[in-house]
Amino acid sequence: MSTYQSTDIEDKWQNLWSQHGTFRAPSPGDGNFDASRPKYYVLSMFPYPSGAGMHMGHALNYTSTDIVARFKKLRGYNVLHPIGYDAFGLPAEQYAVEHGVHPEITTNQNIDAISRQLKRLGLSFDWGRVLSTTDVDYYKWTQWIFLQLYNSYFDEDQEKAVPISELVSRLDSGELLVDEEGKLVSASAASAQTRSWSELNEIGRENILAEYRLAFLGEVPVNWCPALGTVLANEEVTNEGRSERGNHPVFKRPLKQWMLRITKYCERLLADLDLVNWPEPTKMMQRNWIGRSEGANVDFALEGRDDVIRVFTTRPDTLFGATYMVLAPEHPLVQELTVDEQQADVDAYVKSASEKTDLDRQIDSKEKTGVFTGAYAINPVNGEKIPVWIADYVMMGYGTGAIMAVPGHDERDHAFATAFKLPIIRVVDGGDVDIADAAFTGVGNSCNSANDEVSLNGLATPEAKRTITKWLECKGLGEGTVQYKLRDWLFSRQRYWGEPFPILHGPDGQVVAVDEADLPVALPEMEDFKPSASDDPDAPPRPPLGRAPESWRIVEKDGVKYERELNTMPQWAGSCWYYLRFCDAKNDERFASEDAERYWMDGLGVDLYIGGVEHAVLHLLYARFWHKVLYDLGHVSTPEPFGWLFNQGYIQAAAYRDERGVCVEASEVEEKEGEYSHNGAPVTREFGKMGKSLKNSVDPTVVCEEYGADTLRLYLMYMGPLDQSKPWEMRDIVGPHRFIQRVWRNLSPAAGSDDEGGGVKGERVVDRDPTNDELKSLHKTIARVTDDMERLGFNTAIAALIELNNDLTKWDDIPRAVAEPFLVMLTPLAPHVAEEIWSQLGHEELVSEQTWPEADKDFLVEDECEIAVQILGKVRSRITVPADADNQALESAALSDEKIASLIEGKTVRKVIVVPGKLVNIVAN
RNA sequence: GCCGGAGUGGCGGAAUUGGCAGACGCGCCGGAUUCAAAAUCCGGUGGGGUAACACCCGUGUGGGUUCGAGUCCCACCUCCGGCACCA
């Protein structure tokens, strides 16, 4: 073996690691667990095993955590570095439908394929903990967690989830009563309308509890996608109002679906972002998605009626400028309010609004449309009669579905008022424009805002807000409040390939949870698992499990026949808690043992979590929510799941389009003198995310075969900072490849055994004492690389190693004391070649089990150094000084330097600035 | 429109708290090896300038602070990402 043969070496070491169990991570209680070591939990977002196999983004992601895992292991940590598969969900099912095979079979095939590819990269996963969200042993606990949600409610006083049994016992004891609207009130508020728990029947009780459970069946307008045959969460719908998957149209339809009360956690999901070390853009996306805004609810009385319309506003200080009111077309009061003469117009408008998709609404957003209802409301601050309109620029889903319109200080209201010639009043001073032409939306001092009891005139906006809110609260006309954009999480899907709900439906509409002892509820075997797709927006959802055999669908309990819930959970369910399962993946008594969970999640959960930014508001928000519920219920020990999140960048690549603008296969494009062609036809080049749509994918496995996994790993990490998007350039890969070959030539005793290749010098690693210069060079590299590895600066760590290796090339021979620390440092980055050379140097033990070298500070200090001497900022001379020279010594050395002395002769030295070890700057004139 | 992030050679990208800009790699140029090519090895490589030095100019643009600015402050330009009739 004279030249470097990546494939042989890589196979050999991958097998040896597996035989040695090198990367098994013992948990507390396991035989070889070493409690004296600190722990490190490093995790990549687990893959979706699609039929396309692994792509370069996966390779980048897993290589980065693998390097951290190997590095931390060498640094003496107990490292948890697991892998699993997120295998339920739409794409797996669609793939199965396309290929006419059961999704379980295709899923397992895909998992096998991607596992082989992962192993080929030499990744140091603890394969003993591998899991798939589709394993019954796994989704049993997904169902169990769902039951935790179902069986708890959010206690507003404690601001946390509490078992619903506590609520029941408070109702049982009479501490809480039920009012006529089904709301809970304390016993002190008992009246003729309130009822006690004992007066309610089973269904009545369940209806009350359903209002509180964190998982509940709710009938709300949901995103119905007939083409996919399923409903979707808000997070799965694009802002064009189409499905994220497949880009099909999505319609709002009121349907009875499972919902999770994530909105109860708005405040904590927002506040706890301050606890975690996450990229600022990702935190910002979550903050925006939660969408907190402070303001006030204000009640407007209706002329000639007893009831009121409640509006939400962030600018209560502009209340005196409210000249009309607008309700969303779906607002429940619209029909009651509308006067006869307006009825036809209102009906027509409501109908057309209901037929618009979100996309239509957006396109039309520039031109305001609306209809007068004929009704009037009374502005509570000044008693003015203001008309009530309906318009689709007000949405039912936010605030109260009604607004007070202040055209002077809101652009949308201004546009509407202009279109319908409604009055515009200025109530805040400021802005350069005439209020008749444009709204002034900034802050300023209130004006024209006073009644007999309160005046805002002259007050700055924040003060005016406080004053009017206080006044409204005193008068019982409104109160300060906080609104969120986040909606409850729509949690059911009309799909086969997902976790069944552990829920039963009784003949009288009872909803009953499956006993924990009866978990798991396994998916039934079915021949026909296809979804019921359609292009009719009014087609009703038909969950495929409706076609399951009766033996599965019908459950008899205490002589009553129940039907199982036929919907399944969304794809996100499994990924909400998989990081917990990895702590103790084989446990069949708990989702993970308490000891294992406490040990591996210690600190702030997963120590380092790496994945793409595309999950900023989906997986990462959902997982935080579940985690907080489990934390409240005492099942996990940390308030947050992922202490440090890191988003890796995209890998881009050149893509080519022919004259029609159609992408052609990038690998078939030829380049000649800067011109690109495909089958002889000219094509244009652009750069974009590597993937199927641009036909510019490069298969990591193919690169492995050609250059070796070590070269691929090095190149992926060497391209640039991990968090940046950067282009793949196939020709650049030879750089890291040459580096490995040079390492091989420098350090492998086998390299010189015959005469192949240039520059081979034979056995170069020798047992001699290193010189001071050699040690200096080594220890500088150790300091740099250690630092770079800690902050994930793998590109600069590799540069430092290349530099040291280039030095080695120039030495006649290489002392063992330099070669070996170098190999240890190379191990996380290029593990196979490091192992091979290490063993060739005569070691029995693996280099993966060595200790990371420490930088010796003695060698980091230059014992003698040259520093620049400047006069007025220009370098005029250089002097050589000992390292321990103090400022005084540097200053006199600089001034006595021949060249400097001659230059400052006759001038006055005004100031000498000394930067130790760097330079001396003399200010003279 | 609002909120984030970023602009450094032919290219990807380096540069502790402000301290010799361009590490390392690709590419390119020259050389070695070769019948030749590929591969490999050695040397050079920001621009201008010079026989060679010297010297001058250089981190998106314009100002500012400083002995000294890629780095700090102000204004602007460009690109990327997210949100978007959220009251």
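We name chains A, B, ... by the order of the sequence lines, and we start the count at 1 in each one. Because the structure is a prediction, the values reported are computed rather than measured.
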Notebook entry, point to check: Using the ring of each side chain (for Trp, its six-membered ring), is A:His615 parallel, tilted or perpendicular to A:His619, with breaks at 30° and 60°?
Noted result: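 Perpendicular: the ring planes of A:His615 and A:His619 meet at over 60°.
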Next item on the list: Please report the shortest heavy-atom distance between A:Thr469 and A:Pro316, naming the atom on each side.
Entry: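 Scanning both residues, the minimum pair turns out to be OG1-CG, 3.8 Å.
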Next item on the list: Would you name the heavy atoms of A:Tyr349 and A:Asp392 that are closest together and state the gap between them?
Entry: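 Nearest heavy atoms, A:Tyr349 then A:Asp392: OH-N, 2.9 Å.
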Heteroatom pairs (N/O) under 3.5 angstrom, protein to nucleotides 23-29 of chain B:
| residue | atom | partner | partner atom | Å |
| --- | --- | --- | --- | --- |
| B:A23 | O2' | A:Glu803 | OE1 | 3.4 |
| B:C24 | O2' | A:Tyr718 | OH | 2.4 |
| B:C24 | O2 | A:Tyr718 | OH | 2.6 |
| B:G25 | OP1 | A:Asn806 | ND2 | 3.3 |
| B:G25 | O4' | A:Tyr718 | OH | 2.8 |
| B:C26 | OP1 | A:Arg738 | NH1 | 2.6 |
| B:C26 | O2' | A:Arg731 | NE | 3.4 |
| B:C26 | O2' | A:Asp732 | OD1 | 2.4 |

Check: Reckon A:Pro279 touches a base, only the sugar-phosphate, or nothing at all at heavy-atom distances under 4.0 Å?
Finding: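 Answer is nothing: A:Pro279 stays at 4.0 Å or more from every strand.
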To the nearest Å, how far apart are [X] [atom1] and [N] [atom2]?
X        : N     : atom1 : atom2 : answer
A:Glu729 : B:G12 : CD    : P     : 9 Å
A:Met690 : B:G12 : CE    : P     : 16 Å
A:Lys283 : B:G82 : NZ    : C1'   : 17 Å
A:Leu792 : B:G13 : CG    : P     : 17 Å
A:His737 : B:C41 : NE2   : P     : 10 Å
A:Ile651 : B:G13 : CD1   : P     : 12 Å
A:Gln652 : B:C79 : CD    : P     : 16 Å
A:Asp787 : B:U17 : CG    : P     : 11 Å

Check: Does B:G9 fall in syn (glycosidic angle within 90° of 0) or anti?
Finding: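 Syn.
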Considering only atom [atom1], compute the distance from [N] to [M] and round it to an integer number of Å.
N     : M     : atom1 : result
B:C55 : B:C76 : P     : 40 Å
B:G12 : B:A23 : C1'   : 13 Å
B:G44 : B:G58 : P     : 27 Å
B:C28 : B:C80 : P     : 30 Å
B:G60 : B:A6  : P     : 13 Å
B:C20 : B:A14 : C1'   : 15 Å
B:C24 : B:G31 : C1'   : 23 Å
B:G30 : B:C67 : C1'   : 43 Å

Check: Should A:Tyr707 and A:Ser6 be marked as a side-chain contact (heavy atoms from CB on, under 4.5 Å) after you check the CA-CA gap, both sets of side-chain angles, and the distance that decides it?
Finding: CA-CA 7 Å; A:Tyr707 295 95; A:Ser6 60; over 6 Å; no
Margin query: What's the closest nucleotide to the side chain of A:Lys726 if the choices are B:G12, B:A87, B:G4?
Written below: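 Out of B:G12, B:A87, B:G4, the nucleotide with an atom closest to A:Lys726's side chain is B:G12.
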Notebook entry, point to check: Can you tell which of B:C83, B:A15, B:G13 lies closest to the side chain of A:Arg791?
Noted result: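 Of B:C83, B:A15, B:G13, B:A15 is nearest to the side chain of A:Arg791.
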Margin query: For RNA chain B, report each stem as range with range, ordered by first number, or say none. Use Watson-Crick or G-U wobble pairs under 3.5 Å, at least 3 in a row.
Written below: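 Output for stems: B:1-7 with B:77-83, B:10-12 with B:24-26, B:27-32 with B:40-45, B:46-48 with B:55-57, B:60-64 with B:72-76.
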Notebook entry, point to check: So, is A:Arg287 close to the B:C83 phosphate, meaning a side-chain N or O under 4.0 Å from OP1 or OP2?
Noted result: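 For B:C83, neither OP1 nor OP2 has a side-chain N or O of A:Arg287 closer than 4.0 Å.
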Margin query: Any side-chain N or O of A:Gln724 below 4.0 angstrom from OP1/OP2 of B:G13?
Written below: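 Looking at the OP1 and OP2 atoms of B:G13, one of them is under 4.0 Å from a side-chain N or O of A:Gln724.
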Margin query: Is any side-chain heavy atom of A:Ile468 closer than 4.5 Å to one of A:Phe320?
Written below: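 A side-chain contact exists here, since the closest heavy-atom pair is under 4.5 Å.
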Item checked: Side-chain touch A:Phe687/A:Arg685, heavy atoms, less than 4.5 angstrom ->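 Yes. Closest side-chain heavy atoms under 4.5 Å.
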Next item on the list: Please name all residues satisfying salt bridge (Lys or Arg N to Asp or Glu O under 4.0 Å) with A:Arg292, sequence neighbours left out, ordered by chain then number.
Entry: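 Per chain and number, A:Arg292 pairs via salt bridge (Lys or Arg N to Asp or Glu O under 4.0 Å) with A:Glu267, A:Glu294.
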Next item on the list: Go through the steps to decide whether A:Ser446 and A:Asp317 satisfy the test side-chain hydrogen bond (donor to acceptor under 3.5 Å, both in side chains), and finish with yes or no.
Entry: CA-CA 7 Å; A:Ser446 290; A:Asp317 60 303; 4.5 Å; no
Check: Is it true that A:Arg310 and A:Glu479 make a salt bridge, defined as a side-chain N closer than 4.0 Å to a carboxylate O?
Finding: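 Salt bridge flag = yes for A:Glu479 with A:Arg310.
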Next item on the list: Flag the pair A:Glu411 and A:Lys368 as a salt bridge only when some basic side-chain nitrogen lies within less than 4.0 angstrom of an acidic carboxylate oxygen.
Entry: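 No, this pair does not count.
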Check: Between A:Phe646 and A:Trp278, is the gap from one ring center to the other below 6.0 Å?
Finding: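 For A:Phe646 and A:Trp278, the ring centres are not under 6.0 Å apart.
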Check: For A:Met284 and A:Gly397, take the nucleotide of RNA chain B holding the closest heavy atom to each; which residue's nucleotide lies nearer the 5' end?
Finding: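 This one resolves to A:Met284.
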